[in-house]
**Student:** 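Following this message is one structure expressed as structure tokens.
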2 protein chains.
Amino acid sequence: MIETPRPATRGPYRTGIERRAQLVAIAIEVFGQRGFAGSSLRTLAERADVSHATLIRHFGTKEGLLIAVLQEWERQSAEHDLADVSGLAYLRRLPDIMAGHRRNRGLLELFTTITAEASNPEHRAHAYVVQRYETNLRTFARHLQAAVDAGDVGALSPAQVALEARLLTAALDGIGLQWLLDPNVDMALATRTYLERAIASWRRVARPTA
Amino acid sequence: MIETPRPATRGPYRTGIERRAQLVAIAIEVFGQRGFAGSSLRTLAERADVSHATLIRHFGTKEGLLIAVLQEWERQSAEHDLADVSGLAYLRRLPDIMAGHRRNRGLLELFTTITAEASNPEHRAHAYVVQRYETNLRTFARHLQAAVDAGDVGALSPAQVALEARLLTAALDGIGLQWLLDPNVDMALATRTYLERAIASWRRVARPTA
DNA sequence: GTCTATACGCAGATAGAC
DNA sequence: GTCTATCTGCGTATAGAC
């Protein structure tokens, strides 16, 4: 169930804001079920009881609607994620987060597909996806750096921290993709195996000579 | 430059076979440049100086053409890959193979995009992609098992070997994706870092009590 | 056997009325 | 703001030319 965020109860844009949120909610549902390419603006519009021109009016293009969907989805995810933990404790929650994707197959499929498509620099969502990856890499790097600073792992250099964030992201993406292709894949197990090996390896790096 | 494989110089299907190979060669080039979704049958046909109906005649559907392209690409890749090495030596060539993708950005993009799209079970190429992954996982597992049998690494169980093949595939896919998003990513370095850590970890597993 | 001409329905996008 | 009407281009199907 998706609710309108902070609905303005009055004011000149009230209708527009509510309508927009409602359209995004429907798009999340339909994209999640039928994918991006498999959903036409006309189908979306029929579900929302508007014309497909209305969707274009609100979001400019179909990709504009897609980006609105991705942003709303991230906003909702971020709420569950209000980082009460950091450092290694944060990273160790990743297996559970990956397992949680099983309840949202369509959306993982959507993210995966769009990321691949938008890797082309001419794709409309390219800038969005690149920025999203940078944010994600920075988050992982920050938590790993926190572990370094706390002495939980050895003295990794900034370049090593950045590379480890990349490798972790790569593993998570690849694991998600394999689960999409074969639902028998145990995402939590694969993630945990990767992570515990990485942590053990980081711990073998020498501590700084304090 | 792509050449017709074993062109029949005579016989009833000569023209058809040559034509088909030529069409696939053009499709590899155009898909590689503009992506699958970005290439229309009419554009492809114009490049080949035939009508778009001819493409349908040869490949049935646009996805049929796609699968022909993927198979031809794999066939060509396999020629460079006629496994003169096995076991750890094979796995250690992966960084170079990944680096080699830099010369074929469009095709890596194509594989990545199609794999993501076709993760949906209703996608026309789903069966092809799933089978391709199974083959790939088996290849990695076979080489790792050879390393186990040779005593180059510890006595991993069959389940562990399978999981390691999955993790390796996941890392390679994720590394490729990140390079597509950011050409500054060093694919060979990332692959080597992953691989050497994995090998070191396998070596810490106890040898069988022979 | 191989290819073209042509048509159908659906897609995303735009223009202008209300 | 939303509608209807319409544009262009897509994948696909078929009939028939050579």
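Chain letters run A, B, ... following the sequence lines, proteins first and then strands; every chain starts at 1. Quick caveat, the model's predicted, so the values are computed rather than measured.
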**Student:** Among the candidates dC3(C), dC10(D), dA13(C), find the nucleotide nearest to the side-chain atoms of His58(B).
**Tutor:** dC3(C)

**Student:** What is the distance from NZ of Lys62(A) to P of dA11(C), rounded to the nearest Å?
**Tutor:** 9 Å

**Student:** Tell me what Ser40(B) touches on the nucleic acid: a base, only sugar-phosphate, or nothing, going by heavy atoms under 4.0 Å.
**Tutor:** sugar-phosphate

**Student:** CZ of Phe59(B) versus C1' of dA13(D): gap in Å, rounded?
**Tutor:** 18 Å

**Student:** May I have the distance from Leu44(B) (atom CG) to dC3(C) (atom P), rounded to whole angstrom?
**Tutor:** 15 Å

**Student:** Does a side-chain N or O of Thr61(A) approach OP1 or OP2 of dG12(C) to a distance below 4.0 Å, or not?
**Tutor:** no

**Student:** In whole Å, what is the span from the CG atom of Leu66(B) to the P atom of dC10(D)?
**Tutor:** 18 Å

**Student:** Quickly work out the Phe36(B) CZ to dC10(D) P distance and round it to whole Å.
**Tutor:** 13 Å

**Student:** Using atom CG of Leu55(B) as one end and atom P of dG11(D) as the other, report the distance to the nearest whole Å.
**Tutor:** 10 Å

**Student:** Assess, by modelled atom type and distance only, whether the side chains of Tyr90(B) and Asp84(B) contain a donor and an acceptor separated by less than 3.5 Å.
**Tutor:** no

**Student:** Which part of the nucleic acid does Ser51(A) contact within heavy-atom distance under 4.0 Å: base, sugar-phosphate only, or nothing?
**Tutor:** base

**Student:** Could you state the atom-to-atom distance from CD1 of Ile56(A) to P of dC7(D) in whole Å?
**Tutor:** 18 Å

**Student:** Has Arg124(A) got a side-chain N or O lying under 4.0 Å from the OP1 or OP2 atom of dA13(C)?
**Tutor:** yes

**Student:** Can you find a donor-acceptor pair, distance only, under 3.5 Å between Arg42(B) side chain and dG9(D) base?
**Tutor:** no

**Student:** Going by an N to O cut-off under 4.0 Å, is there a salt bridge joining Glu164(B) and Arg197(A)?
**Tutor:** yes

**Student:** How close or far is atom C1' of dC10(D) from atom CZ of Arg34(B), stated in whole angstroms?
**Tutor:** 14 Å

**Student:** Nearest nucleotide by nearest heavy atom, which residue falls closer to the 5' end of DNA chain C, Arg57(A) or Leu41(A)?
**Tutor:** Leu41(A)

**Student:** Over 60° means perpendicular and under 30° means parallel, so tell me whether Phe36(B) and Phe31(B) are parallel, tilted or perpendicular.
**Tutor:** perpendicular

**Student:** Between Arg166(A) and Asp182(B), does any NZ, NE, NH1 or NH2 come within less than 4.0 Å of an OD or OE carboxylate oxygen?
**Tutor:** yes

**Student:** Hey, does the side chain of Thr115(B) reach the backbone of Phe111(B) with a donor-acceptor pair shorter than 3.5 angstrom?
**Tutor:** yes

**Student:** Can you find a donor-acceptor N/O pair under 3.5 angstrom joining the side chain of His52(B) to the base of dT12(D)?
**Tutor:** yes

